[in-house]
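Shown next, in C-alpha cells, is the structure this report addresses.
Here, residue 1 is the first one in the sequence, and each next residue gets the next number. From a predicted model like this one, the values you see are computed outputs, not experimental measurements.
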Amino acid sequence: MELLQKYKHAFIIPIYGIIYLICFMHLESTVTLSSNFHEIHFWIDDYIPFCEYFVVPYFMWFMYITVTVGYFMVKNKEDYWNLVSFLCVGMTIFIIVSYLYPNGQYLRPTEFPRQNIFTTMVKGLYIADTPTNILPSIHVYNSIGAHIAIHKSKNLSKHKGIQYGSFLLMVSIILSTMFLKQHSVIDVIAGIGMAIFFYVVIYKAEIVKVVGKFIQEKRINKQSAVMEWEK
C-alpha cells in the first residue's frame with residue numbers, strides 16, 4: 001500500500017495511454033489511403049532520400065520516451081508532472097487535429113533500393129503504421145519533450161554524457177521521420193512549433209524571464225533618466 005501511495009502519480013500514464021490508443025486506433029481504421037484526406041506534402045520532401053538505417057533511432061523512440069518518463073516518475077515528481085503534462089497536451093492536440101483535419105502522405109517508396117535487415121524492419125514499420133494521421137509528428141514532439149525534461153533536470157545537469165546523448169538521439173529521431181518517409185517536413189515543423197509553444201507554457205521558459213527582466217530594466221532606466229532630468 002505504501003508503494004502504491006508513493007507512486008500514485010504514475011497511474012495517469014496507463015489511464016491516458018488507454019484513452020489515447022483507443023482514439024488513435026479508431027483514427028487509423030477510419031482515415032486510410034482509400035478514404036478522403038488532406039495530402040501533406042512540401043517540395044523539400046522530394047529532395048530527402050530514403051535511408052533505411054534511420055529505422056534504428058526511429059524505433060529507439062519508444063525506449064527513449066518510456067525510460068525518460070519512468071526515470072522522472074521515480075526521481076522527481078515535479079519534473080515528472082511537467083513532462084507528462086507536456087506529452088499529454090501535445091498528443092491530445094494531435095488527436096483533435098487528426099479528427100478535424102484528416103491527413104496523410106504518399107511519400108513512401110514503392111520499392112526499396114536495397115534489401116537488408118534494416119529494410120526488413122522498415123517493411124514491418126510500414127505494415128504496422130499507416131501513412132495517415134501524421135500532423136503534427138508525435139515522434140518529433142515527444143522526443144523534444146523528453147530532451148527538455150532531461151536538459152532541465154537538476155539531477156541530470158552534471159551528467160554531460162546523458163545530456164549530449166539525449167540531444168543526439170532527439171535529433172536522430174527527428175531526422176528519421178523524414179528519411180524513412182514516415183513524415184513530411186511540414187509534420188516535423190508543426191511538431192517543433194508545438195513543442196516550442198508548450199515549452200514556454202509549461203516550463204515557463206527562460207525567454208519569458210529574460211523579456212520580463214529587459215522590460216523591467218528599461219522601465220527603471222527610464223525612471224532614472226526622468227529623475228536626473230528633473231534635477
Side-chain angles (χ1 to χ4, degrees), residues 13-14 17-18 20-35 37 39-42 44-71 87 90-91 94-95 98 102-147 149-150 161-162 164-192 194-195:
I13 297 299
I18 291 171
Y20 175 83
L21 284 175
I22 291 173
C23 294
F24 182 73
M25 290 173 66
H26 179 258
L27 280 168
E28 287 287 89
S29 64
T30 55
V31 184
T32 65
L33 288 176
S34 60
S35 64
F37 62 82
E39 181 183 357
I40 307 298
H41 181 267
F42 193 53
I44 297 178
D45 296 327
D46 301 329
Y47 293 91
I48 299 176
F50 170 81
C51 182
E52 70 271 21
Y53 305 113
F54 275 99
V55 73
V56 176
Y58 190 89
F59 278 131
M60 287 181 69
W61 176 83
F62 297 96
M63 179 187 69
Y64 184 40
I65 303 303
T66 302
V67 171
T68 304
V69 171
Y71 173 82
L87 299 180
M91 292 166 71
F94 160 74
I95 291 293
S98 297
N103 57 83
Q105 49 95 341
Y106 296 106
L107 300 173
R108 291 179 174 182
T110 54
E111 59 182 32
F112 296 117
R114 295 164 294 277
Q115 294 298 324
N116 52 45
I117 187 172
F118 300 106
T119 53
T120 300
M121 293 170 67
V122 175
K123 288 178 184 177
L125 171 62
Y126 283 0
I127 294 172
D129 188 14
T130 68
T132 56
N133 309 307
I134 58 174
L135 178 72
S137 170
I138 290 301
H139 252 67
V140 170
Y141 178 83
N142 283 4
S143 297
I144 295 173
H147 180 66
I150 292 170
I162 294 176
Y164 294 140
S166 173
F167 178 77
L168 290 174
L169 181 55
M170 175 193 70
V171 172
S172 298
I173 291 171
I174 292 173
L175 292 175
S176 74
T177 64
M178 295 177 285
F179 280 97
L180 291 180
K181 300 300 179 180
Q182 281 289 92
H183 286 279
S184 164
V185 171
I186 294 175
D187 307 326
V188 173
I189 293 173
I192 293 172
M194 189 166 71

Would you check if Thr120 and Glu52 make a side-chain contact, meaning some heavy-atom pair closer than 4.5 Å? no
Within the 6.0 Å centroid threshold, strictly below: Tyr106 and Phe37: yes
Drop me the distance from Ile173's CD1 to Ile65's CD1, to the nearest 0.5 angstrom. 6.5 Å
Could you state the interatomic distance from CE (Met63) to OG1 (Thr68), rounded to the nearest 0.5 Å? 9.0 Å
Note, Met170 side chain near Phe167 side chain (heavy atom, < 4.5 Å): yes
With distance as the sole test, does Ser176 use its side chain to make a donor-acceptor pair with the main-chain N or O of Pro57 at under 3.5 Å? no
Heavy atoms of Thr132 and Val31 approach each other most closely as OG1-O, 2.9 Å
Please name the pair of heavy atoms, one in Pro131 and one in Leu33, separated by the smallest distance, quoted to 0.1 Å. CG-CD2, 3.8 Å
Going by heavy atoms in the side chains, are Ile48 and Phe42 under 4.5 Å from each other? no
How many angstroms lie between SG in Cys23 and CG in Asn133, if you round to the nearest 0.5 Å? 11.5 Å
Look up atom CE in Met178 and atom SG in Cys51, then write down how far apart they are to the nearest 0.5 Å. 12.5 Å
Closest non-hydrogen atom pair, Leu180 against Tyr126: O-OH, 2.5 Å
Measure up the Trp61 and His139 rings against each other and bin them: parallel (under 30°), tilted (30 to 60°), perpendicular (over 60°). parallel
Looking only at heavy atoms, the pair that brings Pro109 and Phe50 closest together is CG-CD1, 4.0 Å
Which atom names give the shortest non-hydrogen contact between Ala190 and Leu135, and what distance separates them? CB-CD1, 3.7 Å
Does some side-chain heavy atom of Ile138 sit less than 4.5 Å from a side-chain heavy atom of Tyr20? yes
For the atom pair CD1 (Ile192) and CG (Asp187), what is the distance rounded to the nearest 0.5 Å? 11.0 Å
Might you point out which heavy atoms bring Leu27 and Ser98 nearest each other, and give the distance in Å? CD1-CB, 3.5 Å
His41 and Ser184: side chain donor to acceptor below 3.5 Å: no
Between His183 and Val140, is any pair of side-chain heavy atoms under 4.5 Å apart? no
Without swapping roles, check the side chain of Thr119 against the backbone of Asn116 for a donor-acceptor pair under 3.5 Å. yes
Tested for ring pair (Phe, Tyr, Trp, His ring centres under 6.0 Å) against Tyr53, the lone hit among Tyr58, Phe118, Phe59 is Phe118
Check: Ile134 and Gln182 side chains under 4.5 Å, non-hydrogen atoms: no
May I ask you to check whether over 12 heavy atoms, not counting those of Ile117, lie within 6.0 Å of atom CD1? no
Does Gln105 use its side chain to pair, donor to acceptor, with the backbone of Lys181 at less than 3.5 Å? yes
Is the closest side-chain heavy-atom distance between Glu28 and Asp129 below 4.5 Å? yes
Side chain to side chain, Thr30 and Ser35, heavy atoms closer than 4.5 Å: no
Distance from Asn103 atom CG to Ile186 atom CD1, nearest 0.5 Å? 10.0 Å
